[in-house]
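Notes to accompany the following structure.
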There are 2 protein chains.
Amino acid sequence: MQRFTDKKADQVTVRRLNMAAILKLLRERGTLARADLAKELGMTRNTASNIVTDLLTAGLVVETEFRRVGAGRPGLLLELAHNGGFAIGAEIDISRIIVVAVDFKGKTLWRESAQINPKQAQTEIIATAEKLVRDALDWGNGENLKPLGIGVGLAGLVDAEGGTLVYAPTLGWKNLPLKQMWEKQFSVPVYLSNEANTAALGYYNYADRSKAQNLAYLSIGVGMAAGLMLEGHLFGGTGGFAGQAGHMKIRPDGEPCSCGDHGCWITEVGLTALSRKTGGQPVKPDETAQALRDGDAQLTAVVAEMAEMLGIGIVNFINLFNFDTVILGGAMRPILPFMLEKARSVVDQRALKHPRANVRIKVSGRDDDSVFGAACLVLDSIMNDPIPLVRSMI
Amino acid sequence: MQRFTDKKADQVTVRRLNMAAILKLLRERGTLARADLAKELGMTRNTASNIVTDLLTAGLVVETEFRRVGAGRPGLLLELAHNGGFAIGAEIDISRIIVVAVDFKGKTLWRESAQINPKQAQTEIIATAEKLVRDALDWGNGENLKPLGIGVGLAGLVDAEGGTLVYAPTLGWKNLPLKQMWEKQFSVPVYLSNEANTAALGYYNYADRSKAQNLAYLSIGVGMAAGLMLEGHLFGGTGGFAGQAGHMKIRPDGEPCSCGDHGCWITEVGLTALSRKTGGQPVKPDETAQALRDGDAQLTAVVAEMAEMLGIGIVNFINLFNFDTVILGGAMRPILPFMLEKARSVVDQRALKHPRANVRIKVSGRDDDSVFGAACLVLDSIMNDPIPLVRSMI
DNA sequence: TTGATTTGTTCACAATAGATACAAATCTGG
DNA sequence: CCAGATTTGTATCTATTGTGAACAAATCAA
């Protein structure tokens with residue numbers, strides 16, 4: 001958490017900020033010459049060149065080819081080094097564990113998953129996750145890549161600073177110091193966050209950042225959490241518990257909720273609500289989507305009603321946060337496209353004119369935003385402070 | 001708005017950050033010696049001393065007395081200079097205009113107000129405000145204080161970057177480029193913001209900042225807006241329109257609202273709702289508070305019901321933002337103490353355990369948070385980048 | 001082919017913080 | 001009351017880093 005007095009700065013701070021700016025600009029644009037970096041960031045070619053020299057030595061950046069365009073000496077193009085190291089992303093969900101390995105350019109190169117059962121013992125599930133992480137580390141070792149860290153997205157309340165899973169209702173876990181456990185076991189930095197936060201970060205990392213500075217990622221499944229990206233940074237609130245969208249009261253006298261209260265959004269929208277409204281059977285999202293495609297009339301009506309309530313909740317998000325982007329995803333993703341149009345029209349009718357004017361509402365096109373975003377926790381921490389890594393490689 | 005690529009840094013950046021850190025620490029602590037500043041901020045005494053020399057020369061800081069405590073040479077205490085300049089804060093409301101002059105230490109030294117009528121022409125109201133601002137400038141001139149700028153809190157949607165009042169429903173104003181107008185007229189920097197935002201900033205500036213990093217200031221009157229202070233910074237969202245709390249849907253099939261929709265929070269909580277629920281007469285908050293003190297049973301029941309809806313909305317705020325502080329204020333302030341206990345108990349019962357654990361809900365103890373906060377817009381901008389002012393005075 | 005243009009590097013310089021040393025001012029223990 | 005310890009503020013030198021000007025290299029265009 002940011003402190004209330006600002007921290008001091010020294011010359012290393014300057015280098016850190018400029019190095020971070022160069023790395024992020026390269027991530028943004030793909031390839032650029034030294035002169036481009038300098039022009040774009042308003043520094044001298046000299047400074048850009050000095051920093052690039054360090055990044056080349058550290059192996060985080062590579063020179064590729066000359067760019068011949070117009071008069072003048074051609075610039076030697078630079079890009080992030082594929083083999084600058086790799087990040088591991090892990091997602092522990094109610095039904096499965098996914099682990100990916102992502103190279104320094106943000107490309108997912110390795111992926112493995114395992115089904116789990118929430119009735120399994122915690123130690124057993126953790127052991128399964130640890131095996132997958134170890135496989136990822138072994139893979140990277142075989143590829144001769146340096147492991148940069150492990151990011152973990154968890155479905156529950158996470159104390160990111162303390163590195164603890166505080167409470168995961170679906171799994172029934174409490175106070176698990178996963179950061180400490182895994183840093184000891186794997187000897188690399190470990191970053192924890194809520195899976196909706198990592199999903200937001202994952203989306204942000206392949207979205208047009210200039211258009212998604214204020215983004216909500218609504219992860220809708222059995223529960224519903226919102227990952228909040230505000231002004232380009234994940235927002236966690238005082239204890240890191242922000243984004244508990246599912247328990248927004250939307251109909252104060254509504255249905256009872258698993259949280260002990262009633263009228264929560266999640267009682268109207270999500271897989272549990274859908275199950276209740278369709279007769280009590282657990283919902284299999286893919287099968288439900290197929291039934292909708294096949295034109296099941298009763299199901300279509302239920303989903304339309306749910307879309308209306310989805311839209312109303314999104315209206316609240318837009319009025320409160322003035323987002324530019326709202327992304328819908330999570331386990332319910334196959335069903336969400338059938339709700340999108342209705343939800344958008346509710347927003348058009350019921351949200352305030354000015355906040356709604358520039359908002360884009362989409363269903364995520366990918367299934368792995370969250371686990372990819374978990375890996376991005378690692379990459380972002382290096383982008384934001386590359387100095388320790390660079391100095392250690394020189 | 002923060003850009004998506006970070007800006008470069010140079011040596012001046014370092015000086016700016018350190019100078020800002022020293023000024024903010026002095027604001028926080030009142031008096032400190034050079035050695036204290038250095039120790040507290042982790043810099044050398046040398047650096048602190050250099051910066052203090054500049055601040056003394058610029059007149060932003062003064063030396064007061066020696067501090068004799070324990071062994072060793074006594075430290076020469078420093079504090080912000082009362083006469084480092086003064087900021088003007090202005091609030092244009094539906095019924096009144098208030099203008100204050102605040103010295104560099106944040107003390108309000110001058111205040112004037114004028115009643116207005118929303119039926120008056122815009123030019124007339126603006127002229128009234130301009131007269132008050134000119135009076136404030138004259139006062140400062142008489143006191144031999146340098147004018148640092150004008151901060152304005154407006155009841156409506158404000159484009160802070162563009163310096164435009166986009167839409168003020170209660171006054172019926174649209175697209176007023178007040179920043180441009182007043183900067184031309186008064187030749188000092190002008191900062192615009194929503195009055196709920198300035199109220200949040202005002203509260204923050206006399207609160208314990210370490211305990212109020214994530215603060216919502218609910219300004220409840222005829223309308224209802226929330227000033228959002230997130231991680232110590234005002235949050236405005238993509239267009240600066242965040243915090244439209246009054247139009248959060250809390251009962252989707254509820255009462256019609258002036259926004260054209262229905263079921264908004266403001267249809268249940270606020271002066272308009274209170275008027276409707278008590279027979280249609282306009283509410284005078286002070287008289288209503290007196291009636292409540294006198295034990296008016298019917299009114300008490302209406303207010304209790306309203307307190308319940310107030311609490312439910314606050315629950316949503318807490319679940320979504322994980323605030324540490326929620327402050328209630330605005331035109332309805334005299335009535336709010338009669339609603340506080342009930343609202344708190346609703347939060348205790350209905351908010352999620354973890355987000356609600358460390359939240360403080362209070363009615364503001366002051367009536368002038370907003371106009372004071374408007375002046376703080378000016379002071380904060382100097383605290384955050386004192387270099388131009390300091391360099392211009394050396 | 002010659003001049004213009006652009007790139008990347010080199011070198012001297014400026015701004016800034018850090019390290020060390022030191023004088024000044026106070027306290028404490030005998 | 002005095003000698004040593006302690007703390008403060010400053011002076012001096014050094015290290016880091018960015019800037020500006022100059023220059024060689026590489027390309028294009030007339």
(message) When you measure from the side chain of K105(A) to the backbone of H82(A), do you find a donor-acceptor pair of N or O atoms at a distance under 3.5 Å?
(response) no
(request) May I ask you to decide if the ring planes of W110(A) and W139(A) are parallel, tilted or perpendicular, using 30° and 60° as cut-offs? (result) tilted
(message) Base of dT10(C), side chain of N46(A) - is there a donor-acceptor contact under 3.5 Å?
(response) yes
(request) Name the first nucleotide and the last nucleotide along DNA chain D (5' to 3') that come under 4.0 Å of a heavy atom in chain A. (result) dA15(D) to dC28(D)
(message) Between I88(B) and V100(B), is the side-chain contact (heavy atoms from CB on, under 4.5 Å) condition met? List the steps.
(response) CA-CA 6 Å; I88(B) 294 174; V100(B) 297; over 6 Å; no
(request) Can you see which heavy atom on L37(A) is nearest to which on V52(A), and at what distance? (result) CD1-CG2, 3.9 Å
(message) At a heavy-atom distance below 4.0 Å, what parts of residues 61-77 of chain A sit against DNA chain D?
(response) R68(A), G70(A), A71(A), G72(A), R73(A), P74(A)
(message) Defining pairs by Watson-Crick or G-U wobble geometry with both distances under 3.5 Å, how would you list the stems of DNA chain C with at least three pairs each?
(response) C:1-30 with D:1-30
(request) Send over the distance from L78(A) CG to dT7(C) C1', rounded to a whole Å. (result) 12 Å
(message) Does A48(A) reach a base, just sugar-phosphate, or nothing at all? Heavy atoms under 4.0 Å.
(response) nothing
(message) Here's a test of your reading of the structure: between V14(B) and K39(A), which maps to the more 5' nucleotide of DNA chain C?
(response) K39(A)
(request) Please figure out whether R34(A) or K8(A) has its closest DNA chain C nucleotide nearer the 5' end. (result) R34(A)
(message) For N18(A) and R45(A), find the nucleotide of DNA chain D closest to each by heavy atoms; which residue's nucleotide sits nearer the 5' end?
(response) N18(A)
(request) Rounded to the nearest angstrom, tell me the gap between atom CG in N50(B) and atom C1' in dG18(C). (result) 11 Å
(request) Return yes when atom CD of Q185(A) has more than 12 non-hydrogen atoms of other residues, nucleotides or ligands closer than 6.0 Å, and no otherwise. (result) yes
(message) Looking only at the side chains, is there a donor atom on one of T238(A) and N214(B) sitting less than 3.5 Å from an acceptor on the other?
(response) yes
(request) Round to a whole Å and report the spacing from CZ of R16(B) to C1' of dA15(C). (result) 14 Å
(message) Expressed as a whole number of angstroms, how long is the span from M43(B):CE to dA15(C):P?
(response) 19 Å
(request) Could you tell me how the ring of F372(B) sits relative to the ring of Y206(B): parallel (under 30°), tilted (30 to 60°) or perpendicular (over 60°)? (result) tilted
(request) Answer yes if the side chains of T13(B) and D10(B) hold a donor-acceptor pair under 3.5 Å, and no otherwise. (result) yes
(message) Quiz question: by atom type and distance under 3.5 Å, do the side chains of N384(A) and K24(A) form a donor-acceptor pair?
(response) yes
(request) Would you check if the side chain of E183(A) reaches a backbone N or O of V190(A) as a donor-acceptor pair within less than 3.5 Å? (result) yes
(message) Applying a 4.0 Å non-hydrogen cut-off, can you work out what R15(B) is touching in the nucleic acid: base, sugar-phosphate, or nothing?
(response) sugar-phosphate
(request) Check whether any side-chain N or O of K8(A) sits under 3.5 Å from a backbone N or O of G42(B) as a donor-acceptor pair, and report yes or no. (result) yes
